[in-house]
Number of protein chains: 2
Amino acid sequence: MSSPPPVERIPLSRERIVVTALRVIDERGLAQLSMRRLGAELGVEAMSLYKHVAGKDALLDGVRELLLAELETPAAPGRDWADDLLSLARRYRALGRAHPEAFGLLARGADRAYVAGRESAEAGLAALRAAGFDEETATYALRTVVRFVLGFSLIEMAGEGAPAPLAQDELDALARDQPMVAGLMRSLGPGSEDALFEFGLRALITGIAAMGPGG
Amino acid sequence: MSSPPPVERIPLSRERIVVTALRVIDERGLAQLSMRRLGAELGVEAMSLYKHVAGKDALLDGVRELLLAELETPAAPGRDWADDLLSLARRYRALGRAHPEAFGLLARGADRAYVAGRESAEAGLAALRAAGFDEETATYALRTVVRFVLGFSLIEMAGEGAPAPLAQDELDALARDQPMVAGLMRSLGPGSEDALFEFGLRALITGIAAMGPGG
DNA sequence: ACCTGAACACCGTTCAAGT
DNA sequence: ACCTGAACACCGTTCAAGT
């Protein structure tokens, strides 16, 4: 009876810490995440976090896992292997668009993406084998698509808002000496990312098809 | 006569600072580069650097330019557009292998790569146009290859030495539920990067060829 | 058991002062 | 003109002390 009312404060836990870290990154940017700020966000001193995560690197490992957990949706099986790979690639890029500030974390330890997306990956490999690809070619095909989309998105998300800050004299020299490159530079910018992604993905799938049993 | 012997000390300059910064990154890693350490390396207090570079971000801009300047070699024209694109891609990846620690800087402001590699880029575009590709398709083809190789290398260089630190229980679950993905995981590692790169590049070129006038 | 305060060894950057 | 010293507002992390 004389004890105080139940405290509002939810106890710290690794999960609460990691979820809050991702939210801070989403809202303020990766560079703004510090142990001290994260502690403040949780109503706690920074030093308390160390009871639940080994350090900042371990915290970022947790954020990466959380991110990749979002990748896997109950992927409906596609009509064929090409459909499966297109779907996997597009869901990957959508993850980047949902968390552009955090996406850079996925550059390191990219192999964990296969565990996170294991159901989609298994379906993709099965579809490739069913179409007559041998094990090695099927493996390379899937790894190539994953590498492409991860690399593509990393650069896209890192580029955010820095289109082409070239000095005027550089642009003039370019227009004089390499006019086609100058034309290409003008086409750069966020507006062309969707088309570029689909172009590259289509080229890759076409090229992979040519390496299969029928190619 | 009474003046001291000419000082050994070379005066600071933006170029000396940037060149030294790249050396520090190459030798000790990007995370180890600080204004204070760089000053020490140059025999100067950190604060003196601010007379020559606006800040750490401007310094890293300079390092990126220095890096990209290495990309351009007097590229002998290839036999055809596919040859030109293959050569550009391989020189890009070689740059990554030469400076794995610094390569991550190229994720941001990736468009500057076209200026740095402008001679190769112009040659590639010219070869595509000569083969009958229209301007838009030629532009997308070149941009796709550049994006692919930059993204591929970024992930490769960021991965350095972290093959697949999966826990045993994760591996067991994977072998049970997604055996093909488990097989794929075993194939990961630095030893397969060359083959993966060539596979992806070949697929991409094949797919691009199929989008050209003869496809 | 869980959280805190103080401390350590660092950061990037500014600015008045020295030479 | 060029460099420095001291300072400011931060970092990640450790550890003895508090509750």
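So that the names make sense, note that chain A is the first sequence line, chain B the second, and so on, each numbered from 1. All values below were derived from every heavy atom in this structure, side-chain atoms included, with hydrogens, water molecules and symmetry-related copies excluded.
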Novice: My understanding is that only residues two or more places apart in sequence, or in another chain, count here; which of them pass ring pair (Phe, Tyr, Trp, His ring centres under 6.0 Å) with B:Tyr92?
Specialist: none
Novice: For the residue pair A:Arg93 and A:Phe197, would you count it as a cation-pi contact if the rule is NZ or CZ under 6.0 angstrom from the ring centre and within 45 degrees of the ring axis?
Specialist: yes
Novice: Just how far, in rounded Å, is P of D:dC2 from CG of B:Leu42?
Specialist: 16 Å
Novice: Determine the stems involving DNA chain D; a stem requires 3 or more consecutive pairs of the Watson-Crick or G-U wobble kind, each with both distances below 3.5 Å, and the answer is none if no such run exists.
Specialist: C:4-8 with D:12-16, C:12-16 with D:4-8
Novice: Separation of A:Leu30 atom CG from D:dC11 atom P, in whole Å?
Specialist: 14 Å
Novice: Judged by modelled atom types alone, do A:Ser192 and B:Arg143 share a side-chain donor-acceptor pair under 3.5 Å?
Specialist: yes
Novice: Expressed as a whole number of angstroms, how long is the span from B:Leu12:CG to D:dT4:C1'?
Specialist: 13 Å
Novice: To the nearest Å, give me how far apart CD (B:Glu45) and C1' (D:dT4) are.
Specialist: 6 Å
Novice: Would you please classify the geometry between the B:Phe148 ring and the A:Phe148 ring as parallel, tilted or perpendicular, with 30° and 60° separating the classes?
Specialist: parallel
Novice: Can you check the B:Leu49 CG to D:dC2 P distance for me, whole Å?
Specialist: 14 Å
Novice: To the nearest 0.5 Å, what is the distance between CG (B:Leu95) and CG (B:Leu150)?
Specialist: 9.5 Å
Novice: At under 4.0 Å between heavy atoms, which parts of nucleotides 12-19 of chain C does protein reach? Answer with one letter per nucleotide, 5' to 3': B base, S sugar-phosphate only, - none.
Specialist: BBB-----
Novice: Any Lys/Arg nitrogen of A:Asp61 or A:Arg108 sitting under 4.0 Å from an Asp/Glu carboxylate oxygen of the other?
Specialist: no
Novice: Within a radius of less than 6.0 Å around CD of B:Glu135, do more than 12 heavy atoms belonging to other residues, nucleotides or ligands occur?
Specialist: no
Novice: Under 4.0 Å between a side-chain N or O of A:Ser48 and OP1 or OP2 of C:dT4?
Specialist: yes
Novice: Count the heavy atoms of every other residue, nucleotide or ligand shown that sit under 6.0 Å from CD of B:Glu15, and state whether that count exceeds 12.
Specialist: no
Novice: When the distance from CZ of A:Arg16 to C1' of C:dC3 is rounded to whole Å, what number comes out?
Specialist: 14 Å
